[in-house]
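Order of listing sets the numbers, starting from 1, for every ligand and every atom in it.
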Amino acid sequence: MKFYSNRAPKKGYSWETPPEKIAETEIVETLTAEVIMIGGGISGLAAGARCRYRGLDTIIIDKNKTMQALAGQIAAVNSRVMAEKGIEIDKKMLAADWLKMSGSRVQEDLLWLFINRSAEGFHWMLDLAGDCLEVGVYEAYKGPMFSEYPGTHHIFQKRDSKKYKHWGGGFLACEIFEKAFLEMGGTLHRSTYAVYLEKDEAGRVTGCIAMCEDGKYRRYVGTKAVVLATGDCSDDPEMMEAFCPIGTRPGQQVKRKGNTGDGQKMAYWAGAALDNPEWAPTIHALAYSGYQGFFLHVNRLGKRFMNEDTWMQAKSVRCLMQPGGDFAYSVWDSKYLDEMADRFSELGGQGMMPLSVVGDSFNRERMEAVMQKYIDDGNAFVADTLEELAEKMEVPVENLLKTVKRYNELVAMGDDVDFGKRTRLLTSIEKGPFYACKWGPSLLDVFGGAQVDTNLNVIGADAKNIPGLYAVGNAAGGMYAVDYPLLLNGNSYGRALAYAMQLADVLAE
Ligand SMILES: Cc1cc2nc3c(=O)[nH]c(=O)nc-3n(C[C@H](O)[C@H](O)[C@H](O)COP(=O)(O)OP(=O)(O)OC[C@H]3O[C@@H](n4cnc5c(N)ncnc54)[C@H](O)[C@@H]3O)c2cc1C
């Protein structure tokens with residue numbers, strides 16, 4: 001067991017060794033600003049724009065040539081959009097549920113920073129965009145065992161607006177901040193890769209050395225702050241092994257280019273305390289078809305293994321725990337479209353994945369078309385008999401028959417005494433054609449980083465703040481632990497917006 005918090009790590013991983021210092025003769029230029037923001041994803045762009053808005057001279061550098069913005073949902077706790085719709089989140093309950101889901105291993109003050117400032121950040125984004133946006137609030141999943149909080153927003157550019165290149169989601173959010181940042185006179189250098197941080201003799205972090213687009217090294221100096229906004233480490237196998245072993249298990253990953261934990265590494269080399277493992281992975285059931293629904297779930301042995309009335313992250317993790325846990329199946333019969341339609345409005349949120357139908361009213365034709373695509377892609381099977389279906393699924397025929405028989409008994413009893421699923425979601429499997437939809441876990445991100453205080457100032461392994469060094473977004477630790485809480489979808493973008501407001505206040509004041 002390795003610990004990476006306030007104690008010296010055991011040696012072994014290549015990332016534990018800092019890179020060689022670049023010779024002064026190779027550093028062609030020094031660029032100075034009050035704030036050097038390393039990373040231009042949502043956190044870096046939002047925080048950079050807000051710093052600039054507060055009058056701080058800011059340079060953002062990003063190692064990628066183009067913007068990386070994988071997201072559709074943005075959480076904001078009690079936004080004005082929610083108020084207009086009469087929706088309100090009980091903040092104290094949200095905090096309590098978050099703590100439970102995180103095994104109480106999070107910094108409560110950072111959690112409250114997100115809860116209390118996400119709406120403010122979201123409003124500022126809407127104000128920057130002006131009247132060219134349409135904003136929706138996502139219908140939350142509601143169940144007796146698990147409910148989502150209803151503060152997930154979707155943003156879209158109005159059809160007739162030409163203000164932004166992107167039509168919606170994370171790309172649009174990032175573009176709003178990037179455009180504002182540049183219009184306010186900020187400097188953005190893409191294809192610029194921060195290699196390591198520099199400190200002065202007093203231990204203050206003064207800047208970084210970066211490899212620039214022309215292949216030359218430059219020194220970036222931040223007279224007030226150097227901010228890590230470099231995202232997560234899911235694309236670095238050694239960091240994953242050290243901090244998030246379970247995240248190495250899904251057979252599939254939705255990769256973002258270059259999220260190799262550079263900020264965590266740079267912070268570590270500069271003496272920062274990192275979050276204790278296990279870092280919280282986002283493992284969503286997006287592999288194969290990506291659809292699970294509330295129907296019977298069976299593993300690769302054809303056996304039922306869970307209460308299907310739960311969230312997508314929980315499904316992924318439970319699937320991973322199964323023998324050969326790379327995938328499982330949802331099984332239903334010929335009446336599935338009626339059954340879905342009948343429950344659509346009461347389930348909401350993730351209960352109605354695939355993502356393509358979230359937020360809409362139930363669309364029968366579209367769902368049929370989605371199913372046909374799954375079948376065409378080999379991610380779903382249809383058969384006239386259960387025996388034939390089991391063969392197509394490559395699960396033991398007798399097991400599937402036994403499982404379906406038992407499931408139908410539970411449906412008839414109206415009481416799921418085996419796994420506790422709510423009665424309303426028990427639907428029989430009787431009349432062909434029968435369907436099996438293959439789904440499985442896929443790694444998206446890993447949440448763990450440099451420990452910070454509520455000023456977002458990085459804390460050292462000696463428990464003292466590291467002067468000059470700050471972290472936001474996934475490079476910052478403290479707010480997540482154990483498992484990614486899908487209690488309020490879009491919370492990563494929401495956190496980015498909250499931290500942007502906070503960081504700019506701290507640095508401007
Ligand atoms: C498929 C998918 C869907 C998702 N959907 C949602 C959603 O709907 N809502 C939500 O809230 N979250 C979602 N997420 C998670 C979300 O995308 C991330 O948590 C979020 O982008 C983190 O923001 P960030 O700014 O901290 O990091 P990132 O967005 O990862 O940005 C980090 C930036 O730092 C740059 N960088 C890294 N290292 C260096 C270096 N050494 N020098 C210079 N630059 C560097 C990178 O190039 C990158 O641009 C999703 C993730 C995936 C994979």
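Taking 4.0 Å as the cut-off, Thr282 does not count as a neighbour of ligand 1 on heavy-atom distance. Using a 4.0 Å cutoff on heavy atoms, Ala496 does not count as a contact of ligand 1.
Heavy-atom contacts of Ala229 reach the following atoms of ligand 1: 32 (C), 33 (C), 34 (O) (cutoff under 4.0 Å). Within the listing of ligand 1, atoms 26 (O) sit less than 4.0 angstrom from a heavy atom of Gly473. When each atom of ligand 1 is checked for a heavy atom of Gly231 under 4.0 Å away, the hits are 26 (O), 27 (O), 30 (O), 32 (C). The Val254 neighbourhood of ligand 1 comprises atoms 1 (C), 53 (C), with distances under 4.0 Å to a heavy atom of that residue. Within the listing of ligand 1, atoms 42 (N), 43 (C) sit less than 4.0 angstrom from a heavy atom of Ile38. For ligand 1 and Gln73, the ligand atoms under 4.0 Å from any heavy atom of the residue are 7 (C), 8 (O), 9 (N), 10 (C), 11 (O). Atoms of ligand 1 found under 4.0 Å from any heavy atom of Gly41, numbered from 1 in the order shown, are 25 (O), 29 (O), 31 (O), 33 (C), 49 (O). Close approach of ligand 1 to Tyr193 is summarised as follows: ligand atoms under 4.0 Å from at least one heavy atom of the residue are 40 (C), 41 (N), 42 (N).
The protein heavy-atom contact nearest to atom 44 (N) of ligand 1 is Lys63 N, 3.0 Å. Asp445 OD2, 3.1 Å is the protein heavy atom nearest to atom 15 (C) of ligand 1. Summary of contacts: the protein heavy atom closest to atom 37 (C) of ligand 1 is Thr230 O, 3.3 Å. Remark: minimum distance from atom 26 (O) of ligand 1 to any protein heavy atom is reached at Asn474 N, 2.9 Å. Scanning the protein heavy atoms around atom 40 (C) of ligand 1, the nearest turns out to be Asp262 OD2, 3.6 Å. Looking only at protein heavy atoms, the nearest one to atom 18 (C) of ligand 1 is Ser492 OG, 3.4 Å. Scanning the protein heavy atoms around atom 7 (C) of ligand 1, the nearest turns out to be Ala71 CB, 3.4 Å. In this structure, the protein non-hydrogen atom closest to atom 33 (C) of ligand 1 is Asp62 OD2, 3.5 Å.
Using a 4.0 Å cut-off between a side-chain N of Lys or Arg and a carboxylate O of Asp or Glu, Asp262 and Lys63 qualify as a salt bridge. Under 4.0 Å is where a charged nitrogen must lie from a carboxylate oxygen, and between Lys438 and Asp377 no such pair does. Ion pair Glu178/Arg190 flagged as a salt bridge, since at least one NZ, NE, NH1 or NH2 atom sits closer than 4.0 Å to an Asp/Glu carboxylate oxygen. We find that Arg218 and Glu29 are joined by a salt bridge, their nearest charged nitrogen and carboxylate oxygen being less than 4.0 Å apart. A salt bridge is absent between Asp326 and Arg249: the closest approach of a Lys/Arg side-chain nitrogen to an acidic carboxylate oxygen does not fall below 4.0 angstrom. Using a cutoff of 4.0 Å between basic side-chain nitrogens and carboxylate oxygens, Arg80 and Glu84 are not scored as salt-bridged.
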Could you go step by step and tell me if Trp167 and Phe156 meet the ring pair (Phe, Tyr, Trp, His ring centres under 6.0 Å) rule?
CA-CA 6 Å; Trp167 65 275; Phe156 300 101; 5.5 Å; yes

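The residue from Asn259, Leu444, Ile61 that puts a heavy atom closest to atom 30 (O) of ligand 1 is Asn259. When Thr192, Asn64, Ile60, Leu70 are ranked by how near their heavy atoms come to atom 14 (N) of ligand 1, first place goes to Leu70.
Across Ala270 and Leu197, no two heavy atoms sit closer than the pair CB-CD1, 4.0 Å. Between Asp232 and Gln264, the shortest heavy-atom distance links the atoms CA-NE2, 4.0 Å.
Interatomic distance, Ile115 CD1 to Asn78 CG, rounded to the nearest 0.5 Å: 10.0 Å.
Aromatic ring centres of His154 and Tyr138 lie closer together than 6.0 Å. For Tyr374 and Trp439, the gap between ring centers reaches or exceeds 6.0 Å.
Considering backbone and side-chain N/O of Val472, none are found under 3.5 Å from N/O of ligand 1. Checked against a 3.5 angstrom limit, the closest N/O atoms of Gly490 and ligand 1 fall inside it. Annotation: Ala194 places an N or O atom under 3.5 Å from an N or O atom of ligand 1; distance criterion only.
Partner Trp98 forms a ring-ring contact (aromatic ring centres under 6.0 Å, His included) with one of Tyr484, Tyr480, Tyr149 and no other, that one being Tyr480.
Aromatic ring orientation, Phe122 versus His153: tilted (interplanar angle from 30° to 60°).
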